[in-house]
Amino acid sequence: MAGGGGGGSGGCRRVRGPELRELLDSKRDVLFDCDGVIWNGEAAVAGAPEAVRLLKQRGKRVFFVTNNCTRPRGNYAHKFSRLGFADVSEEDIFSSAYCSAAYLRDVARLSGKVFAIGGQGVLQELRDAGVDVVAEDSAEGPDTSIYDCPLDPDVRAVLVGYDEKFNFMKLAKACCYLRDSECLFLATDPDPWHPLRGGRVTPGSGSLTAALETASSRKATVIGKPSRFMFECIASQFDLDPAQSLMVGDRLETDILFGANCGLSTVLTLTGVSTMEQAQEYKDSETPEKKDFVPDYVVESIADFSEALEDE
């Protein structure tokens with residue numbers, strides 16, 4: 001049977017048609033990454049809305065698990081609607097920003113403030129969770145220096161996410177806060193870069209985190225994929241069973257590793273970052289740790305799900 005057991009077999013096997021339908025029928029819950037799987041930029045991947053509709057029609061619970069921390073969940077729900085996805089609610093969406101806020105509130109039970117490096121997605125999720133965030137100092141100008149700028153004495157955590165306005169002062173302040181060994185150091189996700197249109201790329205949260213890790217001589221606790229906490233965050237609300245769950249993603253080092261870490265069966269879709277050739281290289285590698293980057297199954301696109309579920 002295609003879907004027997006949990007994750008970790010690393011078969012890297014192409015599936016479609018009846019074999020893919022058998023795999024989907026064997027699972028209760030399907031977790032999708034978003035960028036490169038459900039959509040690319042502002043366009044839905046062909047067949048994605050129909051695939052999600054058919055899965056729900058067959059009684060599957062569908063969740064969206066993204067390391068993209070640039071939007072709050074409400075904005076993601078609007079994007080799903082705008083791109084033609086029906087009945088996707090905020091409760092179905094788990095971003096690294098939302099999960100980071102949940103971690104600070106429910107696990108760390110933060111007493112104090114968080115110094116956040118990130119955009120509105122990160123800041124809004126922290127506020128929605130009731131986490132106190134250090135306000136930007138509007139009085140700071142181009143001549144402000146780390147030598148004389150004010151530091152908030154109530155900071156108890158530093159959180160790093162994707163930030164297009166990342167600068168030396170943010171790095172320096174975060175480094176000062178992390179001199180206190182009791183100050184938590186969290187990162188929304190480890191993604192090193194993201195593809196843009198026209199063949200360009202933008203540095204990801206992982207790049208900014210690496211800069212602060214070097215400057216502070218500390219390692220961040222990563223909240224997003226491939227950390228298990230994102231799965232635990234969903235499971236705490238929806239009672240997920242790893243053996244009955246499937247992870248579908250486009251990035252081997254985050255999505256597929258996330259599935260392996262959590263005991264889920266994994267599917268690589270080839271509409272995003274990683275390629276079949278890279279998956280095969282990991283499969284052929286003699287390095288044991290790289291075996292967790294190998295997907296159990298591979299599809300060309302999420303559209304293969306629609307074809308499999310309709311072809312009965």
Side-chain angles (χ1 to χ4, degrees), residues 33-36 64-76 79 90 93-108 110 112-137 152 155-178 183-196 201-216 218-231 233-234 249 251 253-255 258 273:
D33 177 42
C34 293
D35 296 289
F64 302 95
V65 187
T66 176
N67 274 355
N68 190 324
C69 63
T70 59
R71 307 169 188 248
R73 291 206 295 175
N75 288 25
Y76 272 117
K79 181 172 182 176
E90 284 189 36
I93 303 164
F94 289 80
S95 71
S96 60
Y98 170 80
C99 291
S100 295
Y103 182 93
L104 286 166
R105 179 191 62 203
D106 301 332
V107 178
L110 187 71
K113 297 180 182 179
V114 58
F115 179 74
I117 294 173
Q120 282 306 307
V122 171
L123 299 176
Q124 188 63 53
E125 292 293 2
L126 289 169
R127 294 186 185 113
D128 288 349
V131 177
D132 200 357
V133 183
V134 175
E136 277 196 46
D137 189 347
D152 195 314
V155 167
R156 298 292 180 270
V158 171
L159 172 64
V160 183
Y162 180 80
D163 189 344
E164 292 183 344
K165 296 181 180 179
F166 183 73
N167 58 30
F168 182 83
M169 279 298 293
K170 290 183 179 182
L171 176 64
K173 284 184 177 182
C175 193
C176 289
Y177 289 128
L178 291 174
C183 183
L184 298 176
F185 181 14
L186 307 179
T188 58
D189 64 272
D191 291 5
W193 57 274
H194 302 285
L196 301 174
V201 299
T202 180
S205 307
S207 297
L208 310 189
T209 302
L212 184 51
E213 286 181 332
T214 299
S216 66
R218 290 183 56 178
K219 294 293 289 183
T221 296
V222 175
I223 301 299
K225 297 173 293 184
S227 167
R228 285 181 52 86
F229 181 74
M230 286 192 90
F231 183 80
C233 192
I234 307 172
R251 204 163 197 156
E253 298 85 358
T254 49
D255 300 322
F258 170 72
V273 172

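FYI, side chains are in, hydrogens and waters are out, and symmetry mates aren't considered; it's all heavy atoms of this structure.
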Would you please test Phe229 and Val222 for side-chain contact (heavy atoms from CB on, under 4.5 Å) and show each step? CA-CA 9 Å; Phe229 181 74; Val222 175; over 6 Å; no
Does the pair Met230 and Asn67 meet the rule for a side-chain contact (heavy atoms from CB on, under 4.5 Å), with working shown?
CA-CA 10 Å; Met230 286 192 90; Asn67 274 355; 3.8 Å; yes
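Pairs engaging residues 93-103 under the side-chain hydrogen bond (donor to acceptor under 3.5 Å, both in side chains) rule: Tyr98-Gln237 [sequence neighbours left out]. Judged as a salt bridge (Lys or Arg N to Asp or Glu O under 4.0 Å), the pairs with a partner in residues 203-216 (not counting sequence neighbours) are, in order, Glu213-Lys219.
For the pair Ala116 and Val133, the tightest heavy-atom approach, listed with the atom from each and the gap, is CB-CG1, 4.3 Å. Closest heavy-atom contact between Cys69 and Thr188: SG-OG1, 3.8 Å. When all heavy atoms of Phe64 and Cys34 are compared, the pair lying nearest together is CB-SG, 3.8 Å. When every heavy atom of Leu184 is checked against every heavy atom of Leu178, the shortest pair comes out as O-CD2, 3.8 Å. When all heavy atoms of Cys183 and Val155 are compared, the pair lying nearest together is SG-CG1, 4.2 Å. The shortest non-hydrogen separation linking Arg73 to Ile93 is CD-O, 2.7 Å.
Rounding to the nearest 0.5 angstrom, the gap separating the OG1 atom in Thr209 from the CG atom in Leu159 is 8.5 Å. Atom SG of Cys233 and atom CG of Asp106 lie 7.5 Å apart (nearest 0.5 Å). For the atom pair CG of Leu212 and OG of Ser216, the computed distance is 4.5 Å after rounding to the nearest 0.5 Å. Put simply, CG on Leu104 and CD1 on Ile223 are 7.0 Å apart, with the number rounded to the nearest 0.5 Å. Distance check: Asn167 CG to Ile117 CD1 gives 8.5 Å after rounding to the nearest 0.5 Å. In this structure, OG1 on Thr221 lies 9.0 Å from CZ on Phe185, to the nearest 0.5 angstrom.
When the salt bridge (Lys or Arg N to Asp or Glu O under 4.0 Å) test is applied to Asp152, the partners found at least two apart in sequence or on another chain are Lys113. By the side chain to side chain donor-acceptor pair (under 3.5 Å) test, Asp35 pairs with Trp39, Asn68, sequence neighbours left out. Ala210 pairs by the side-chain contact (heavy atoms from CB on, under 4.5 Å) definition with nothing, not counting sequence neighbours. Taking the ring pair (Phe, Tyr, Trp, His ring centres under 6.0 Å) definition, one finds that Phe166 meets it with nothing, sequence neighbours left out.
A heavy-atom distance below 4.5 Å is found between the side chains of Pro190 and Thr254.
Although no hydrogens or angles enter the test, the distance criterion places no donor-acceptor pair under 3.5 Å between the side chain of Asp189 and the main chain of Gly224. Panel note: side chain Arg71, backbone Tyr76; no donor-acceptor pair is recorded below 3.5 Å. At least one donor-acceptor pair closer than 3.5 Å links the side chain of Lys225 to the backbone N or O of Val65. Counting only distance, with no hydrogens or angles, the side chain of Glu125 and the backbone of Cys99 share no donor-acceptor pair below 3.5 Å.
By the 4.0 Å N-to-carboxylate-O rule, Arg251 lies too far from Asp33 to be salt-bridged with it.
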